[in-house]
*Asks:* 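I have a structure here, written as structure tokens, and I will follow up with some questions on it.
All values below were derived from every heavy atom in this structure, side-chain atoms included, with hydrogens, water molecules and symmetry-related copies excluded.
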Amino acid sequence: MIKLDHKRMGLEIKVHRIRKGITQRELADMLGISQSHLCNVENGRLSLSLKLLLTLRNIFECSLDELVVEDTPDEKHTEHE
């Protein structure tokens, strides 16, 4: 089962938003959510629905993989082990 790393995912969203020159308020308006909700997402306290993640993918012109980050508790663990 895949577990998402909400802190890293929030950071990726924030980095993409800043690179696009979009404020939190502007992005929240584009997504139809409050700025405080987006702030909580960027800080890893909340997650977005798949529908909103797909909307972000279109806004940022990136792949979903660039936004959604899996939780990797053991960074030394490899697929070959």
*Asks:* Between Val41 and Leu52, is there a side-chain heavy-atom distance shorter than 4.5 Å?
*Replies:* no
*Asks:* If we only count heavy atoms from C-beta on, is the Lys20 to Ile59 side-chain gap below 4.5 Å?
*Replies:* no
*Asks:* If I take atom CD from residue Gln35 and atom CZ from residue Arg25, how far apart are they, to the nearest 0.5 angstrom?
*Replies:* 4.5 Å
*Asks:* Taking Ser63's backbone N and O only, do any of them form a donor-acceptor pair with Glu66's side chain (distance below 3.5 Å, no angle check)?
*Replies:* yes
*Asks:* Salt bridge or not for Glu26 and Arg17, using N-O below 4.0 Å?
*Replies:* no
*Asks:* List the atom of Ile22, the atom of Phe60, and the distance in Å for their closest heavy-atom pair.
*Replies:* CD1-CE2, 4.4 Å
*Asks:* Could you state the interatomic distance from CG (Leu38) to OG (Ser34), rounded to the nearest 0.5 Å?
*Replies:* 8.0 Å
*Asks:* About how many Å separate CG of Leu64 and CG of Leu50, when rounded to the nearest 0.5 Å?
*Replies:* 6.5 Å
*Asks:* To the nearest 0.5 Å, how far apart are CD in Glu12 and CG in Leu56?
*Replies:* 12.0 Å
*Asks:* So which pairs with a foot in residues 46-55 pass salt bridge (charged side-chain N to carboxylate O under 4.0 Å, His left out), sequence neighbours left out?
*Replies:* none
*Asks:* Might you confirm whether atom CZ of Arg45 has over 12 heavy atoms from other residues, nucleotides or ligands at distances under 6.0 Å?
*Replies:* yes
*Asks:* Below 4.5 Å, heavy atoms only, C-beta onward: do Thr55 and Met30 meet side chain to side chain?
*Replies:* no
*Asks:* Nearest 0.5 angstrom please: Ile13 CD1 to Asn43 CG, how far?
*Replies:* 11.0 Å
*Asks:* Look at the side-chain heavy atoms of Ile, Leu, Val, Met, Phe, Trp and Tyr, link any pair under 4.5 Å apart, and say whether Leu54 and Leu46 land in one connected group.
*Replies:* yes
*Asks:* Among residues at least two apart in sequence or on other chains, which ones pass side chain to side chain contact (heavy atoms under 4.5 Å, CB included) with His6?
*Replies:* Leu4, Met9, Ser47
*Asks:* Measure the spacing between CG of Leu67 and NE2 of His16 and express it to the nearest 0.5 Å.
*Replies:* 5.5 Å
